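For reference, the structure is listed below as structure tokens.
Computed from a predicted structure; not experimentally measured. Naming convention: chains lettered A, B, ... in sequence-line order (proteins, then strands); numbering from 1 in each chain. Scope of the values below: all heavy atoms of this structure, side chains included, with no hydrogens, waters or symmetry mates.
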There are 2 protein chains.
Amino acid sequence: MNIQFKKGILELCVLSILSRKNCYGYELVNEILEFMEISEGTIYPLLRRLKMDNLVTTYLQESNEGPPRKYYQLTELGKETHSELILEWKLFQASINKICLPEESK
Amino acid sequence: MNIQFKKGILELCVLSILSRKNCYGYELVNEILEFMEISEGTIYPLLRRLKMDNLVTTYLQESNEGPPRKYYQLTELGKETHSELILEWKLFQASINKICLPEESK
DNA sequence: ACACAGTACCTTGCGTTGCAAGGTACCTGT
DNA sequence: ACAGGTACCTTGCAACGCAAGGTACTGTGT
């Protein structure tokens with residue numbers, strides 16, 4: 001998987017997963033790992049940014065299998081931003097495909 | 001258009017356009033501008049990288065409308081890289097859509 | 001009791017990339 | 001002469017992904 005494609009799209013992926021269920025960081029990494037290469041060093045700083053931008057809130061929950069988990073939950077602003085990003089992503093895909101796959105996107 | 005989506009995908013766009021015809025830098029900027037926001041300060045350094053990586057060669061050509069134009073032409077390696085990137089882009093799109101649009105990509 | 005693997009959190013420093021801002025120089029029309 | 005379009009380029013900044021490293025808890029095997 002091309003590293004550069006990933007830039008900036010991870011935020012959309014994280015918001016999408018959180019729109020379906022609250023997750024803790026380590027869980028998010030593993031969810032995304034099913035579809036693309038990703039490392040913890042990428043996710044934790046991204047989650048910090050999302051919280052700083054008020055797109056998510058967090059709460060702690062005990063676990064039987066290790067240290068407490070920090071769950072992330074979308075705020076209203078987070079949900080709105082997610083919807084907007086989905087729209088932008090669809091438009092972006094269409095634009096790129098017009099440039100790169102002109103026959104197929106006719 | 002989300003700035004972050006763009007990162008790294010511009011190389012694919014430039015190679016795609018060059019795969020159809022040789023272009024000079026200023027022309028590339030205007031071609032891409034039809035589909036997304038882009039600035040010269042992005043394209044020229046990118047073209048320098050492509051040349052350094054032996055994906056393109058360049059030649060100068062006089063113009064009646066201004067200074068000489070520096071045309072960029074794909075090398076064999078550039079064509080191969082372009083094909084690989086197209087494939088990766090298709091796979092990448094599919095992966096992201098599975099995460100972000102799970103109903104639509106069933 | 002101790003080592004180890006798995007879980008779960010986090011930070012630092014680096015390299016890459018996109019861009020705003022600025023510069024140079026050529027040609028055409030007024 | 002000079003303004004505007006064409007065409008090239010560079011510098012410095014900010015954002016992002018990641019490798020590498022660290023901390024600490026739990027359960028399992030020996």
Side-chain angles (χ1 to χ4, degrees), chain A residues 1-15 22-33 35-53 55-56 58-72 85 88-89 92 95-96 99, chain B residues 1-15 22-33 35-53 55-56 58-72 81 85 88 92 95-96 99:
Chain A
M1 180 75 72
N2 191 298
I3 301 168
Q4 295 308 323
F5 284 168
K6 224 178 297 182
K7 299 228 171 192
I9 299 196
L10 279 173
E11 181 177 327
L12 171 60
C13 294
V14 167
L15 292 180
N22 298 351
C23 284
Y24 52 100
Y26 192 79
E27 186 184 12
L28 272 169
V29 172
N30 288 318
E31 293 253 346
I32 297 177
L33 267 178
F35 298 98
M36 56 195 293
E37 285 167 40
I38 190 68
S39 85
E40 293 184 44
T42 301
I43 290 294
Y44 287 114
L46 169 59
L47 288 170
R48 214 193 312 139
R49 287 198 298 276
L50 293 180
K51 185 169 185 182
M52 212 182 58
D53 292 343
L55 302 184
V56 299
T58 59
Y59 57 92
L60 282 176
Q61 199 162 296
E62 293 288 323
S63 162
N64 303 327
E65 301 162 47
R69 295 165 173 172
K70 188 192 271 188
Y71 278 82
Y72 293 81
L85 278 179
E88 285 186 39
W89 165 243
F92 178 75
S95 293
I96 301 301
I99 297 176
Chain B
M1 180 75 70
N2 191 301
I3 300 169
Q4 296 309 321
F5 284 168
K6 226 179 295 183
K7 298 227 170 191
I9 299 194
L10 279 174
E11 181 176 328
L12 171 60
C13 293
V14 167
L15 292 180
N22 297 350
C23 284
Y24 53 100
Y26 192 79
E27 186 183 13
L28 271 169
V29 172
N30 288 319
E31 294 253 344
I32 297 178
L33 267 179
F35 298 99
M36 57 196 293
E37 286 167 39
I38 191 67
S39 86
E40 293 184 45
T42 301
I43 290 293
Y44 287 114
L46 169 59
L47 289 170
R48 214 191 314 141
R49 287 199 298 275
L50 293 178
K51 186 169 185 182
M52 212 180 58
D53 293 342
L55 302 184
V56 299
T58 59
Y59 56 93
L60 283 176
Q61 199 163 295
E62 294 287 324
S63 161
N64 303 328
E65 302 163 46
R69 297 164 172 172
K70 188 193 271 188
Y71 278 82
Y72 292 81
T81 304
L85 278 178
E88 286 186 38
F92 178 75
S95 293
I96 300 301
I99 297 176

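Under the rule for a side chain to side chain donor-acceptor pair (under 3.5 Å), the partners of B:T58 that lie at least two apart in sequence or sit in another chain are B:K51. For B:R48, the side chain to side chain contact (heavy atoms under 4.5 Å, CB included) partners two or more places apart in sequence, or in a different chain, are B:P45. Under the rule for a ring pair (Phe, Tyr, Trp, His ring centres under 6.0 Å), the partners of B:F5 that lie at least two apart in sequence or sit in another chain are A:W89, A:F92. Every ring pair (Phe, Tyr, Trp, His ring centres under 6.0 Å) that A:Y71 has, sequence neighbours left out, goes to A:Y24, A:Y59. Residues forming a side chain to side chain donor-acceptor pair (under 3.5 Å) with A:E31 (at least two apart in sequence, or on another chain): A:K21.
In this structure, A:R48 reaches the C:dT11 phosphate: one of its side-chain N or O atoms is under 4.0 Å from OP1 or OP2. Contact between the side-chain N/O atoms of A:Y24 and the OP1/OP2 oxygens of C:dA8 is found at a separation under 4.0 Å.
B:F5 places its CZ atom 16 Å from the C1' atom of D:dG17, with the value rounded to the nearest Å. In this entry the distance linking CZ of A:R69 with P of C:dG6 reads 16 Å, nearest Å. A straight line from CG of A:N30 to P of C:dG6 spans 13 Å, rounded to a whole angstrom. Across the protein-nucleic acid pair, B:F92 atom CZ and D:dG17 atom P stand 10 Å apart, rounded to whole Å. Per the geometry, NZ belonging to A:K70 stands 16 Å off C1' belonging to C:dT7, to the nearest Å. As a whole-Å value, the separation of B:M52 CE from C:dG15 P is 14 Å. Computed from coordinates, the A:Y71 OH to C:dA8 C1' distance equals 11 Å when rounded to whole Å. Across the protein-nucleic acid pair, A:L60 atom CG and D:dA24 atom P stand 16 Å apart, rounded to whole Å.
Taking a 6.0 Å sphere around CD1 of B:I3, one finds it holds 12 or fewer heavy atoms contributed by other residues, nucleotides or ligands.
The backbone N or O of B:E37 sits less than 3.5 Å from a side-chain atom of B:K6, completing a donor-acceptor pair.
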### Message
What does the B/S/- profile of nucleotides 18-30 of chain C look like, 5' to 3', with a 4.0 Å heavy-atom cutoff to protein?
### Response
SBB-----BSS--
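DNA chain C is contacted by both A:Y26 and A:Q4; A:Y26 maps to the nucleotide lying nearer its 5′ end (nearest heavy atom per residue).
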